[in-house]
Amino acid sequence: MGTYPELLAHGVGGRQDLPLPLPYLVVAVALTLLATFVALGALWRVPRLDRTGTAGQPVPGWLGGLVDAPASRWTLRGAGLLAGGYFCVGLLAGPDSPENPTAGVLYVLLWVGLVPVSLLFGPVWRAVNPLRGLYLLVATAAGRDPDRGLRPLPGGLGLWPAAVGLFAFVWLELVAPGRATLPVINAWLAGYALVMLVGAVRYGVGWFDRADPFEVYSALVGRLAVIGRRADGVLVWRNPMDGIAGLRPEPGLVAVVTVLLGSTMYDSLSTAPAWLRFGQESGLPPVVTGTVGITGVIALVALALLAVTRVAAVVGRRADAAGGEPVPAGRVAGELAHSIVPVAVGYLLAHYYALLVLEGQRTIALLADPRGTGADWLGTADWSINTALITPDQVAALQVTVIVLGHLLGTLLAHDRALYLFPRARAVTGQLPMLVLMVAYTVVGLLLLYAG
């Protein structure tokens with residue numbers, strides 16, 4: 001992740017730090033998933049999670065009023081604009097060196113930091129996105145309805161623009177030559193801003209919900225937050241499982257979740273000795289092997305999900321729980337895509353936790369002087385990096401915990417949705433292919449994570 005050595009230290013755990021030897025751990029995790037599946041089949045016989053978006057206990061009136069107040073919304077948008085402007089100081093006027101915080105802000109504070117923040121507070125990037133704020137500010141000043149563009153959003157667009165944007169970002173993050181240098185980051189961000197703002201003018205502010213990769217990323221993770229909105233817009237406390245169960249299938253959703261999961265798997269693969277040796281011996285430019293590698297891993301993750309859900313549709317007889325019209329086989333992948341979200345979140349936290357702690361602190365210290373002039377605008381220039389939270393055994397234990405938890409939640413979500421998709425007599429067998437996929441993802445993920 002990045003050209004500079006500091007941005008390459010994704011984790012400090014290794015095989016020697018695991019609570020069990022790796023082979024025993026893999027077997028134990030696989031058996032845990034199998035036991036969970038058996039228990040769910042015996043004890044969880046009807047759908048229990050809310051897929052309609054109506055569950056949740058309304059938050060206290062004062063809290064809901066505070067969050068929804070126009071002043072609060074514009075305060076957050078203003079904070080996003082100020083933060084975006086401050087970021088541009090280093091982006092446009094800072095030195096092109098490891099002392100510039102730009103790469104750390106983009107790759108660490110934004111990309112990695114959005115995961116824990118969204119898990120706590122929901123889709124926060126939507127509230128602070130400086131490009132959305134800029135568009136809303138200009139539209140309001142011009143007396144234009146920001147919801148109305150020059151033409152309506154195309155039917156069937158779904159999340160495909162966001163999926164493309166996410167792939168473009170992870171390619172930048174993991175493959176692009178000079179990806180931590182200012183010219184490369186500037187070029188990517190300029191293209192991103194142009195696509196977002198031109199799309200918003202053309203289609204209205206709803207374009208950000210469909211196309212902004214960071215908004216869609218934060219919104220997916222934010223569905224696992226304990227605070228969220230019901231379908232009627234009311235702010236509620238909710239079971240996080242209800243939040244993610246309410247994610248409805250739409251075009252591009254499968255692509256989004258597989259890009260998130262596959263790119264993190266590729267990041268682990270890219271530091272494995274076997275892959276590094278292949279890259280050296282192939283004689284091809286790193287950008288070629290990297291592009292083929294990340295595309296191939298994401299494609300394998302997607303093909304595995306599509307193949308397994310096709311099999312699940314056949315095994316489950318492709319009928320709904322009420323015995324009505326069969327559920328189309330092509331829709332099953334979208335219906336079960338929500339179960340991949342906690343799996344992807346688990347991998348993201350496991351893989352990037354140490355990076356966030358270490359490089360997050362370093363980036364905040366560098367933000368005190370984005371121009372490299374010796375200033376201390378934020379009072380953080382003298383920060384020293386605290387490593388107390390990233391000892392090898394702590395990181396290894398956290399990695400295993402969040403990966404296993406993510407897969408357990410994914411198995412539960414898939415089981416509950418299978419009870420809706422298939423007749424109850426076939427729901428358990430219909431879910432067997434997904435169990436096999438979850439075990440495979442777990443085993444491959446652990447092997448890749450500790451390959452070094």
Side-chain angles (χ1 to χ4, degrees), residues 1 53 56 59 63 67-68 72-73 75-77 79-80 83-84 87 104-133 159 162-163 165-166 169-170 173 192 196 208-230 233 235-248 250 252-253 256-261 263-264 267 337-353 355-357 359-360 363-364 398 401-403 405-406 409-410 413:
M1 177 188 265
V59 302
L63 179 58
V67 172
D68 291 333
S72 298
R73 293 178 181 270
T75 297
L76 288 173
R77 289 172 188 148
F87 169 74
V105 171
L106 181 62
Y107 298 134
V108 180
L109 297 186
L110 175 59
W111 180 246
V112 184
L114 262 181
V115 176
V117 174
S118 299
L119 281 174
L120 289 173
F121 303 110
V124 292
W125 190 247
R126 190 179 193 277
V128 301
N129 184 352
L131 293 181
R132 178 187 282 265
L159 298 177
L166 280 168
F169 179 79
V170 296
E173 176 202 15
Y192 158 67
M196 291 302 105
F208 290 100
D209 298 317
R210 309 281 91 195
D212 191 297
F214 304 111
E215 282 204 14
V216 172
Y217 171 55
S218 176
L220 279 179
V221 178
R223 283 189 167 273
L224 289 165
V226 297
I227 190 169
R229 292 191 183 275
R230 291 192 316 218
L235 195 66
V236 296
W237 301 114
R238 66 187 181 191
N239 175 357
M241 302 300 289
D242 284 327
I244 193 65
L247 182 63
R248 304 304 306 129
E250 60 179 315
L253 176 60
V256 167
V257 299
T258 53
V259 166
L260 290 177
L261 181 57
S263 62
T264 310
D267 200 2
H338 71 304
S339 66
I340 304 299
V341 175
V343 177
V345 169
Y347 279 125
L348 285 161
L349 290 174
H351 191 68
Y352 295 119
Y353 167 74
L355 178 74
L356 179 61
V357 173
E359 284 301 317
T363 299
I364 292 173
L398 179 137
T401 300
V402 295
I403 285 178
L405 181 59
L409 294 180
L413 288 165

State, to 0.1 Å, how close [X] and [Y] come at their nearest heavy-atom pair, and which atoms those are.
{"X": "V216", "Y": "A162", "value": "CG2-CB, 3.5 Å"}
{"X": "V226", "Y": "P240", "value": "CG1-CG, 3.7 Å"}
{"X": "P213", "Y": "G165", "value": "CB-C, 3.8 Å"}
{"X": "S218", "Y": "G122", "value": "OG-O, 3.9 Å"}
{"X": "G252", "Y": "A163", "value": "O-CB, 4.3 Å"}
{"X": "P123", "Y": "A219", "value": "CB-CA, 3.8 Å"}

Taking the ring of W111 and the ring of F169, is the distance between their centroids below 6.0 Å? yes
[atom1] of [X] to [atom2] of [Y]: how many Å apart, nearest 0.5 Å?
{"X": "L131", "Y": "M196", "atom1": "CG", "atom2": "CE", "value": "8.0 Å"}
{"X": "L349", "Y": "L119", "atom1": "CG", "atom2": "CG", "value": "6.0 Å"}
{"X": "I244", "Y": "N239", "atom1": "CD1", "atom2": "CG", "value": "11.5 Å"}

Within the structure provided, determine whether [X] and [Y] are in side-chain contact (heavy-atom separation under 4.5 Å).
{"X": "L114", "Y": "V221", "result": "no"}
{"X": "L348", "Y": "Y353", "result": "no"}
{"X": "L253", "Y": "L220", "result": "yes"}
{"X": "P342", "Y": "L413", "result": "yes"}
{"X": "V112", "Y": "Y107", "result": "no"}
{"X": "Y192", "Y": "F214", "result": "yes"}
{"X": "L409", "Y": "V345", "result": "no"}
{"X": "V236", "Y": "I227", "result": "no"}

Is any side-chain N of the basic residue among [X] and [Y] closer than 4.0 Å to the acidic one's carboxylate O?
{"X": "R223", "Y": "D242", "result": "no"}
{"X": "D209", "Y": "R126", "result": "yes"}
{"X": "R210", "Y": "E215", "result": "no"}
{"X": "D68", "Y": "R229", "result": "yes"}

Take W125 and V117 through the side chain to side chain contact (heavy atoms under 4.5 Å, CB included) test and state the conclusion after the steps. CA-CA 9 Å; W125 190 247; V117 174; over 6 Å; no
Between D212 and Y217, is any side-chain donor less than 3.5 angstrom from a side-chain acceptor? no
Is there a side chain to side chain contact (heavy atoms under 4.5 Å, CB included) between T258 and I340? Walk through the geometry before answering. CA-CA 8 Å; T258 53; I340 304 299; 5.7 Å; no
S263 side chain to L260 backbone, donor-acceptor under 3.5 Å: yes
Using modelled atom types and a 3.5 Å cut-off, is there a donor and acceptor pairing between side-chain atoms of R238 and backbone atoms of R230? no
